[in-house]
Amino acid sequence: MKFQRIKGTRDIYGKEYEILMEFYQRAKKTMDKFGYSFIITPTFEDVNLFIHSTGETTDIVEKEMYVFEDKGGRKVALRPEGTPSVLRAILENDIEIPCKVAYFANMFRHEKPQKGRFREFYQLGVEYIGYIDPLVDFEMFLIIRELMDIFEVKNYYFEVNSMGCIDDRKRYKEELKNYLSEKLEVLCNDCKRRFQRNPLRILDCKIDAEKIKDFPRITEFLCDGCAEHFEKLKMYLNKNNIKFSINPKLVRGIDYYTKTVFEVKSGRLGAQDALGGGGRYDGLMKIIGGPDTPACGFAMGMERIMLASEYKLPYEKDLIFIVYTSPELKEKAYNLYLFLTKETLKCDIVLDTKSLKSQMRRANKKGAKYVVILGEEEEKMGGYKIKDMEKGEEKFIKKENLPDYFKNI
RNA sequence: GUGGGCGUAGCUCAACUGGCAGAGCGCCAGACUGUGGCUCUGGUGGUUGGGGGUUCAAGUCCCCUCGCCCACCCCA
């Protein structure tokens, strides 16, 4: 019986694993600098958490969630995004607000896989909870700029829009519906369906883009407070030389956003060009039963980051390979291997009895810098032969001098 | 969920209108009597994704199914 992984999932190993972990380390360091603390929340939650926060009419909840019933009859969902869980955790653990939280975790969405899109994927998420100040929104851009830097992503760009507050959006929705009702007949079937359920989504439609060119801009329907918030953000961005363009069609697929929304995009990705996205969600905390608390955040897709990144793993040749000339010496060789690992040196050894030649071949293939040779002759002389694989030189060394020999490689 | 492309050795791919499943790389070994890379020589390697059908004969044609890639939808 042979098995294969579930569609849209991946095995991450070898170089890709090393890169992902390196990126995690770097992100951790950056988030530490900005004063964020990391959090791990459960992989699955009560399905209602997402229904109420992400939004009942969103594609994510409507058709992309992995939902199942556990043995206790609870309806459970694999998390499709991180923000609801983080807010839930803050409330449940009475974490003091304001707070700054980050996470690095796998997310699950039942979509058809394509370039840069998987059913299980990794996100780096950042949430800043507690302030209405547009400086918070601005900080998201600052952090992303720094992350793009350390992930070595070069050609990225920001798109920004404002969704206004709940009231603004209500008024805008009416206005948009008015405008669209005259065009409804010429729109595609998807858009006709969206008209009732979620008219904002029609702005996203590529088929009908031409037909609705002169749609009303939401930024013209913002209340004074939201307009000022947006102006301040733009000012901060300009002052700090963060380039962005305003995309009045950017509405995002999650219901809870208010005021600022944004995406980071890359030209290197194909159709799924968003490296990350986020925005302000001032109403969400209240929706899930907490105090009325403003917040802002974003998430980035690590697989997409890796696609867009120019980062190359450093070429570290520091492996020490142990070889032995006869089966009788195997256990001695293995003890040497154990000894060296205690010295925290990177080493390896083959256990199936093979010719010295074959062991040397293996050492070379694994990229060994040094080979320690255990042989009968060397045994008699109380030491080992060490071969420098780059120079091809060999040197005899006494057993007691071995640790020192590798001290400064 | 909808469309298009594709599944042949570990990898990259050949195999005309149906006619004995192949190459390169890799892997293993020898040339080199305790020593890697380079070179040469030999060897290993397959239920042609799976199932069914048509045929004397199917990698090739037909149907079903699974998977991968790309796009739509939507998003990270």
Side-chain angles (χ1 to χ4, degrees), chain A residues 1-10 54 57-64 79-83 104-126 144 188-191 193-194 198 201-202 204-207 250-254 261-266 269-278 297-308 319 321 323-327 329 350 352 354-379 385-394:
Chain A
M1 192 71 193
K2 245 185 167 178
F3 297 97
Q4 51 191 175
R5 55 181 179 265
I6 299 294
K7 191 191 189 93
T9 63
R10 301 181 315 128
T54 309
T57 63
T58 59
D59 278 17
I60 291 178
V61 166
E62 223 173 27
K63 49 188 201 200
E64 295 172 5
R79 58 180 168 214
E81 58 146 343
T83 308
F104 191 94
N106 47 351
M107 302 295 158
F108 306 83
R109 292 183 198 172
H110 193 115
E111 295 186 272
K112 197 145 178 182
Q114 69 189 71
K115 192 181 179 78
R117 191 169 72 187
F118 307 93
R119 290 186 173 177
E120 181 184 19
F121 58 99
Y122 283 80
Q123 277 192 342
L124 169 66
V126 172
I144 290 171
C188 69
N189 287 334
D190 276 336
C191 286
R193 186 173 46 80
R194 290 181 188 126
N198 203 344
R201 294 246 68 88
I202 297 178
D204 265 347
C205 184
K206 279 151 197 147
I207 306 166
L250 182 64
V251 294
R252 313 221 1 106
I254 296 171
V261 290
F262 58 87
E263 285 185 0
V264 214
K265 296 186 173 184
S266 162
L269 289 187
Q272 307 308 319
D273 57 356
L275 292 167
F298 70 87
M300 295 198 313
M302 293 313 294
E303 287 79 2
R304 291 185 188 177
I305 294 287
M306 288 195 276
L307 278 174
L319 179 68
F321 210 90
V323 302
Y324 46 98
T325 56
S326 70
L329 287 168
V350 291
D352 48 350
K354 289 197 160 174
S355 69
L356 184 63
K357 184 198 208 62
S358 148
Q359 293 179 67
M360 291 299 289
R361 271 207 269 257
R362 175 125 248 124
N364 185 58
K365 218 168 288 161
K366 288 230 177 183
K369 186 171 167 68
Y370 293 101
V371 172
V372 179
I373 302 164
L374 242 108
E376 277 84 5
E377 280 175 43
E378 290 82 358
E379 263 300 293
K385 208 179 264 179
I386 293 171
K387 180 158 187 173
D388 182 320
M389 294 296 272
E390 274 152 30
K391 294 178 188 150
E393 290 167 2
E394 289 183 0

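The chains referred to below are lettered A, B, ... by the order of the sequence lines, with proteins before strands, and numbering in each begins at 1.
Nucleic acid contact class of A/Asn106 (heavy atoms, under 4.0 Å, all strands): none. If you check every strand for non-hydrogen atoms under 4.0 Å, A/Glu263 touches nothing.
Residue side chain A/Lys387 reaches the base of B/rU35 through a donor-acceptor N/O pair under 3.5 Å, judged by distance alone. The base of B/rC74 lies close enough to the side chain of A/Arg117 for a donor and an acceptor atom to sit less than 3.5 Å apart. Interface remark: the A/Glu394 side chain does form a donor-acceptor pair with the B/rU35 base, using a distance-only criterion of under 3.5 Å.
Electrostatic pairing of A/Lys369 and A/Glu390 counts as a salt bridge here, judged by a charged N lying under 4.0 Å from a carboxylate O.
Separating the CD atom of A/Gln4 from the C1' atom of B/rG50 is a distance of 10 Å, rounded to the nearest angstrom.
Distance from the side chain of A/Arg109 is smallest to B/rA76 among B/rA76, B/rA29, B/rC73. Proximity note for A/Lys365 (side chain, C-beta onward) versus B/rG36, B/rG1, B/rC27: the nearest is B/rC27. The side chain of A/Ala271 has B/rC72 as its nearest neighbour among B/rA76, B/rU35, B/rC72. Taking the side chain of A/Lys385 as heavy atoms from C-beta on, and the options B/rC74, B/rG30, B/rU35, the nearest nucleotide is B/rU35.
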*Taking Watson-Crick and G-U wobble pairs with both distances under 3.5 Å, convert RNA chain B into its dot-bracket string, 5' to 3', dots for unpaired and | for cross-strand pairs.*
(((((((..((((.....[..)))).(((((.......))))).....(((((..]....))))))))))))....

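Comparing A/His110 and A/Arg304 along RNA chain B, the residue whose closest nucleotide (by nearest heavy atom) sits nearer the 5' end is A/His110. Nearest-nucleotide positions on RNA chain B for A/Gly277 and A/Arg362 put A/Arg362 closer to the 5' end.
Taking the P atom of each, B/rG22 and B/rU48 are spaced 13 Å apart, rounded to whole Å.
Regarding contacts with the backbone of B/rC74, every side-chain N or O of A/Thr58 stays at 4.0 angstrom or more from both OP1 and OP2. Taking side-chain N and O atoms only, A/Arg252 has a distance below 4.0 Å to OP1 or OP2 of B/rA76.
Checked options A/Arg119, A/Glu120, A/Glu81; the residue passing with A/Arg109 is A/Glu81 (criterion: side chain to side chain contact (heavy atoms under 4.5 Å, CB included)). Among A/Glu377, A/Glu394, A/Glu393, the single residue meeting the salt bridge (Lys or Arg N to Asp or Glu O under 4.0 Å) criterion with A/Lys385 is A/Glu394.
The ring-ring contact (aromatic ring centres under 6.0 Å, His included) search around A/Phe298 returns none, not counting sequence neighbours.
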